A.B. asks: 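Below is one structure. I have some questions about it.
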Amino acid sequence: DGGITQSPKYLFRKEGQNVTLSCEQNLNHDAMYWYRQDPGQGLRLIYYSQIVNDFQKGDIAEGYSVSREKKESFPLTVTSAQKNPTAFYLCASSIETTSGVTYEQYFGPGTRLTVT
Amino acid sequence: GEDVEQSLFLSVREGDSSVINCTYTDSSSTYLYWYKQEPGAGLQLLTYIFSNMDMKQDQRLTVLLNKKDKHLSLRIADTQTGDSAIYFCAESMGDSGAGSYQLTFGKGTKLSVIP
């Protein structure tokens, strides 16, 4: 069964603590993405990675960090520097090509992070 | 700049057709997508259309693209209660250099189906 898994589905943290959200895919996709979704808002891109050991900041990278040590995994750390971390976080992946063509992105089920 | 606009809400009766509209601003958009999000879940890709196409049909779904007006629509025939969800329109630039790997999403249209 191919797909993207995110764990846990719900996560609670105290303010000031760093927290890492997991994202794993077995689709053999090169590119992976992290988005943040707030109520009534579209998706905003946090970070993306086109290839192992490489990643770029998206539109709202401040207060977040990522790593891409394996093709299958793209964990997101929400640091204490993120001023408003409570949100729904979505991970996605897509096929990547050398021509830079963007193919459709496939999404995981999301992690709802609540920071109090 | 890139911007994708959608109306926020749509309400239809079960069995009627739903039409969800989207406008985008970047004429270099190469691919346009429709995603569905059910409560508390991730986004599910419904369909997509290349910018050189005018229409795409897939079972109950029909996508219409008007490049001149930068207008995209998703028609759902015989709408069912299971179609109640948020529908997102998204565009990508294809091979345009920096940012070509990103999708730009609208804020989503919440479709409510009345039994």
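We use all heavy atoms of the structure for the numbers below, so side chains are in, but hydrogens, waters and symmetry mates are not. Because the structure is predicted, anything quoted here is derived from the model rather than measured.
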A.B. asks: Got a second to check how far A:Leu43's CG is from B:Thr104's OG1, nearest 0.5 Å?
C.D. replies: 11.0 Å
A.B. asks: Hey, quick one: are B:Trp34 and B:Val12 part of the same hydrophobic cluster, counting side-chain heavy atoms closer than 4.5 Å, chains of contacts allowed?
C.D. replies: yes
A.B. asks: Side chain, backbone, both or neither: which part of B:Leu43 has an atom under 4.5 Å from a heavy atom of chain A?
C.D. replies: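 For B:Leu43, the contact with chain A is made by backbone and side chain together.
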A.B. asks: Counting only heavy atoms not in B:Lys56, do more than 12 fall under 6.0 Å of its NZ?
C.D. replies: yes
A.B. asks: Do A:Ile60 and A:Leu113 sit in one hydrophobic cluster, given that two such residues count as connected whenever their side-chain heavy atoms are within less than 4.5 Å of each other, even indirectly?
C.D. replies: yes
A.B. asks: Are any of the side-chain heavy atoms of B:Phe105 and A:Gln41 separated by less than 4.5 Å?
C.D. replies: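 No, too far: nothing below the 4.5 Å cut-off.
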A.B. asks: Quick one: what part of B:Gln37 sits under 4.5 Å from any heavy atom of chain A, side chain, backbone, both or neither?
C.D. replies: side chain
A.B. asks: Under 4.5 Å between any side-chain heavy atoms of A:Gln105 and B:Tyr35, yes or no?
C.D. replies: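 Touching, per the 4.5 Å side-chain cut-off.
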A.B. asks: Mind checking salt bridge (charged side-chain N to carboxylate O under 4.0 Å, His left out) for B:Glu38 and listing every partner two or more places apart, or none if nothing turns up?
C.D. replies: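 B:Glu38: salt bridge (charged side-chain N to carboxylate O under 4.0 Å, His left out) contacts with B:Lys36.
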A.B. asks: Under a 4.5 Å side-chain heavy-atom rule over Ile, Leu, Val, Met, Phe, Trp and Tyr, are B:Phe88 and B:Leu61 clustered together?
C.D. replies: yes
A.B. asks: According to the ring-ring contact (aromatic ring centres under 6.0 Å, His included) rule, which pairs have a member within residues 48-81 of chain B, sequence neighbours left out?
C.D. replies: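 Listed once each, the pairs are B:Tyr31-B:Phe50, B:Tyr33-B:Tyr48, B:Tyr48-B:Phe50.
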A.B. asks: Report, as yes or no, whether the 6.0 Å neighbourhood of atom CD on B:Gln80 holds more than 12 heavy atoms from other residues, nucleotides or ligands.
C.D. replies: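 Yes, the 6.0 Å shell around CD holds more than 12 heavy atoms from other groups.
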A.B. asks: For A:Gln37, is it the side chain, the backbone, both, or neither that has a heavy atom closer than 4.5 Å to a heavy atom of chain B?
C.D. replies: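 Contact with chain B involves the side chain of A:Gln37 alone.
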A.B. asks: If we ignore hydrogens and angles and just use 3.5 Å, is the side chain of A:Lys9 paired with the main-chain N or O of B:Gly40 as donor and acceptor?
C.D. replies: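 Yes.
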A.B. asks: Do B:Leu103 and A:Tyr48 make a side-chain contact, defined as non-hydrogen atoms from C-beta onward lying under 4.5 Å apart?
C.D. replies: no
A.B. asks: More than 12 foreign heavy atoms under 6.0 Å from NZ of A:Lys57: is that the case here?
C.D. replies: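 Not buried by this count: 12 neighbours or fewer within 6.0 Å.
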A.B. asks: For B:Ile114, does the CD1 atom have more than 12 heavy-atom neighbours from other residues, nucleotides or ligands under 6.0 Å away?
C.D. replies: yes
A.B. asks: Which of residues 69-93 of chain A have a heavy atom under 4.5 Å from any heavy atom of chain B?
C.D. replies: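 So the qualifying residues are A:Phe88, A:Leu90.
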A.B. asks: Tell me every residue that passes salt bridge (charged side-chain N to carboxylate O under 4.0 Å, His left out) with B:Asp78, counting only those two or more places apart in sequence or in another chain.
C.D. replies: none
